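Chain letters run A, B, ... following the sequence lines, proteins first, then strands; residues in each count from 1. As the structure is a computational prediction, the values presented were derived from the model and not from experiment.
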Protein chains: 2
Amino acid sequence: MAASRVRNGGRPTLEEVAARAGVGRGTASRVINGSPRVSDATRQAVEAAVAELGYVPNRAARALAGNRTDAIALVVPEPETRFFAEPYFSAIVRGVGAALADTEMQLLLTLVGNDRERRRLAQYLTAHRVDGVLLVAVHADDPLPELLEQLGMPCVISGARHAAETLPSVDSDNFEGARAAVEHLVSRGRRQVATITGRLEVYGAQRRLDGYRAAVSAAGLAPDERLIAPADFTEEGGARAMRDLLARRPGLDAVFVASDVMAAGARQVLREADRRIPEDVALIGFDDSVVARHMHPALTSVRQPIEEMGRRMAQLLLDEIAGRAPGDERPSVVLPTELVVRDSS
Amino acid sequence: MAASRVRNGGRPTLEEVAARAGVGRGTASRVINGSPRVSDATRQAVEAAVAELGYVPNRAARALAGNRTDAIALVVPEPETRFFAEPYFSAIVRGVGAALADTEMQLLLTLVGNDRERRRLAQYLTAHRVDGVLLVAVHADDPLPELLEQLGMPCVISGARHAAETLPSVDSDNFEGARAAVEHLVSRGRRQVATITGRLEVYGAQRRLDGYRAAVSAAGLAPDERLIAPADFTEEGGARAMRDLLARRPGLDAVFVASDVMAAGARQVLREADRRIPEDVALIGFDDSVVARHMHPALTSVRQPIEEMGRRMAQLLLDEIAGRAPGDERPSVVLPTELVVRDSS
DNA sequence: CAGTGTATTGGGAGCGCTCCCAAGAAGGGG
DNA sequence: CCCCTTCTTGGGAGCGCTCCCAATACACTG
């Protein structure tokens with residue numbers, strides 16, 4: 001039934017490798033950890049023994065002796081359903097996985113659903129059970145980053161929390177993505193471009209709004225606060241905002257929506273109001289999700305390089321764990337977005 | 001920069017807890033592991049010490065001494081993009097996470113992209129670095145399950161690989177889901193019900209076809225092999241199959257498609273052929289993905305309880321790790337599906 | 001009251017590895 | 001030819017925990 005009683009599950013130990021190679025345990029360890037202070041002959045002997053025996057280091061023993069874990073945690077706030085939707089979650093995971101693929105690092109997935117789990121996580125991290133943490137979709141008021149900072153636990157977040165972000169972070173260029181989208185609308189002759197924003201406490205949503213404003217000014221259009229409708233990243237919120245906009249500014253001819261899901265809600269309202277897309281109203285979303293591709297008409301959307309973001313987050317974290325030279329500033333990466341033009345604009 | 005030199009990262013050890021409680025290390029260990037062979041007074045003393053010191057067991061030490069890891073791996077074949085699409089991946093992860101939430105088990109995520117990574121995984125598993133494995137989207141000819149069986153490593157798969165599945169598995173009731181979908185079509189007066197299948201090497205796809213056939217017979221309709229078009233779970237494949245069907249049986253008035261994504265392809269072809277949905281042709285998909293909800297008209301679809309599947313997989317695996325009494329048959333769970341009726345049928 | 005159990009308890013002996021010190025080997029300078 | 005460096009090397013000393021055995025305490029039984 002359960003595990004055998006055999007030591008180390010019957011796997012060869014470092015000691016056995018050393019014996020086989022005719023060297024001491026310390027030397028074998030050096031070879032396996034790539035220390036330069038070993039002669040070539042010895043190295044080869046040990047490597048041969050490793051190959052013959054099929055030796056794989058025992059991770060637990062390593063962790064215990066070396067006071068590290070060779071594991072990082074990807075912490076996902078489960079209530080953040082937005083994050084779980086395509087394309088985010090899988091793409092981030094793929095990116096992180098790719099970056100870790102030829103590393104010894106393991107990826108631990110931690111879903112944090114409620115406060116109890118949150119406390120458990122804190123305890124978990126306090127107990128130093130991982131070497132570093134990737135934090136996605138953190139809110140500006142989340143205490144977790146401070147805790148990590150205090151513990152001296154390396155950490156990278158996705159999406160800066162505000163303009164003066166202190167943590168290493170990876171973000172897409174929300175400002176420029178929004179700006180380009182609106183510029184595109186203007187270039188196609190739209191004059192009354194509205195926007196539906198995400199929750200503005202989310203810095204990225206704020207940046208998209210900033211980008212919208214910048215493009216409107218740049219185009220020489222009159223800024224009009226009544227063309228700006230705040231929403232909450234949900235489909236229902238998008239619909240509500242669209243209704244408001246239509247009531248306030250019936251003459252609008254384009255809407256830049258800060259997420260595809262909200263755009264789906266907006267599209268529904270536009271359909272009910274008998275506005276044709278794109279003839280009467282052009283629509284642009286954000287995320288380039290599967291919803292965008294399958295919407296009718298297919299939704300023009302701003303694509304974020306999410307997989308690449310995952311990859312960069314992992315790389316940053318590995319650097320952070322390896323130790324950053326003092327004086328290096330906090331690394332933060334901003335990746336370019338891409339406007340995917342489809343039928344809705 | 002790097003980690004401090006302090007032992008155990010400055011955390012209290014079991015020894016310290018024991019000292020504080022005025023008991024021996026062994027006794028403290030017993031309390032922490034919930035052994036019944038401890039007096040109440042002692043238990044309380046130890047628990048108090050644990051609370052005061054904020055003791056958290058050192059996982060690595062535990063793993064080393066106990067020859068287990070308290071971790072399970074979720075192995076995801078990365079090429080299987082179908083799995084990465086919503087709703088699968090995130091829902092499975094959520095379910096697994098939920099089942100593990102009040103367990104000491106960690107969840108390790110392992111993406112297997114190519115053969116090299118596959119070999120690495122095998123080595124990894126051979127080295128007993130996890131207590132058990134969740135395997136999703138395994139192909140019938142994947143060697144991994146055999147390897148695990150050989151190693152005596154507990155394992156649960158999602159989706160039986162064939163009728164005589166030997167591994168513990170969790171599956172949705174593909175047969176019944178398909179049968180109910182087709183029955184629904186028939187009950188709405190459709191007489192020429194076609195189907196677009198997934199890759200039939202995938203057992204689940206085969207079962208959906210079986211369900212389709214069963215419903216057709218039960219309805220007293222003439223079975224017609226020309227109403228069955230094989231595809232491959234892709235949108236393009238779905239479109240191709242739909243074209244074939246239309247060419248062969250122009251009079252068809254309903255299609256049961258074995259996945260939403262294929263249904264999206266089929267819908268495109270139907271639109272081009274000027275068949276109205278659902279007036280001329282009713283359409284039903286499978287998965288109840290976001291695509292189904294946002295399709296126009298909204299797609300009727302068979303929902304699988306994916307999160308629940310994840311939860312059950314994890315539970316099964318935990319049982320398996322705890323040890324199954326000899327004589328217990330291989331547990332396998334089949335969960336009911338649900339037909340979500342929308343506008344397309 | 002000796003004899004036999006049963007319920008607790010303490011702590012030794014590892015688990016497989018890394019860290020580090022000291023010793024041996026090899027090479028160079030005076 | 002001897003001494004001092006530098007390069008390698010072996011292996012002791014843990015890392016914090018679980019397993020298990022032996023010891024103690026106590027309660028009965030006859």
Side-chain angles (χ1 to χ4, degrees), chain A residues 2-46 49-50 53-70 104 127-129 131, chain B residues 2-46 49-50 53-70 104 127-129 131:
Chain A
S4 58
R5 290 266 136 257
V6 197
R7 300 182 319 127
N8 201 18
R11 311 302 310 156
T13 68
L14 184 59
E15 196 87 50
E16 286 160 16
V17 170
R20 173 125 193 175
V23 302
R25 185 171 22 83
T27 304
S29 173
R30 258 163 303 221
V31 170
I32 285 164
N33 292 291
S35 156
R37 355 191 81 271
V38 188
S39 73
D40 281 351
T42 308
R43 162 165 289 113
Q44 279 166 27
V46 173
V50 166
L53 265 42
Y55 171 75
V56 183
N58 179 312
R59 202 183 198 84
R62 247 193 185 165
L64 181 56
N67 198 49
R68 57 184 174 144
T69 65
D70 286 343
E104 277 292 278
H128 278 276
R129 300 219 283 221
D131 293 340
Chain B
S4 59
R5 290 266 135 257
V6 198
R7 299 183 318 128
N8 201 20
R11 312 301 310 156
T13 69
L14 184 59
E15 196 87 48
E16 286 159 14
V17 170
R20 173 127 194 173
V23 302
R25 185 171 22 85
T27 305
S29 173
R30 253 158 288 182
V31 170
I32 284 163
N33 292 290
S35 157
R37 356 191 83 270
V38 189
S39 72
D40 281 351
T42 308
R43 161 165 290 112
Q44 279 167 27
V46 174
V50 166
L53 265 41
Y55 171 74
V56 183
N58 179 312
R59 201 183 198 85
R62 251 193 183 164
L64 181 56
N67 199 49
R68 57 184 174 144
T69 64
D70 286 343
E104 278 293 277
H128 278 275
R129 299 220 282 222
D131 293 341

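- Both B:Thr13 and A:Arg25 lie close to DNA chain D; mapped to their nearest nucleotides by heavy-atom distance, the more 5′-ward contact belongs to A:Arg25.
- One donor-acceptor pair, N or O on each side, does fall under 3.5 Å between the base of D:dG10 and the side chain of A:Arg30.
- In this structure, the CG atom of B:Asn58 is 14 Å from the C1' atom of D:dG14, given to the nearest Å.
- Residue A:Thr27 places at least one side-chain N or O closer than 4.0 Å to OP1 or OP2 of D:dG10.
- Residue A:Arg62 is in sugar-phosphate contact alone, with no base atom involved, counting any heavy-atom pair closer than 4.0 Å across all strands shown.
- Contact record, B:Leu14 with B:Tyr55: N-CE1, 3.5 Å, taken as the closest heavy-atom pair.
- Side-chain atoms of B:Arg59 and base atoms of D:dG16 include no donor and acceptor less than 3.5 Å apart.
- Look at A:Ser39 and you won't find any side-chain N or O under 4.0 angstrom from OP1 or OP2 of D:dT8.
- Each of B:Val38 and A:Ala60 was assigned the nucleotide of DNA chain C with the nearest heavy atom; the assignment lying further toward the 5' end belongs to B:Val38.
- In this entry the distance linking CG of A:Asn67 with P of C:dG16 reads 20 Å, nearest Å.
- Within the 4.0 Å cut-off from OP1 or OP2 of D:dT9, at least one side-chain nitrogen or oxygen of A:Thr42 is found.
- Between A:Glu104 and A:Arg68 no salt bridge is recorded (no basic side-chain N to carboxylate O distance below 4.0 Å).
- Remark: B:Asn33 is in phosphate contact with D:dT18, judged by side-chain N or O atoms under 4.0 Å from OP1 or OP2.
- Taking the side chain of B:Leu64 as heavy atoms from C-beta on, and the options C:dG16, D:dC17, C:dT18, the nearest nucleotide is C:dG16.
- Within the 4.5 Å cutoff, side-chain heavy atoms of B:Val38 are placed close to those of B:Thr27.
- Remark: B:Asn58 CG to B:Arg7 CZ distance equals 11.0 Å, nearest 0.5 Å.
- When distances are taken from the side chain of B:Ala61 to each of C:dG16, C:dT8, D:dC17, the shortest belongs to D:dC17.
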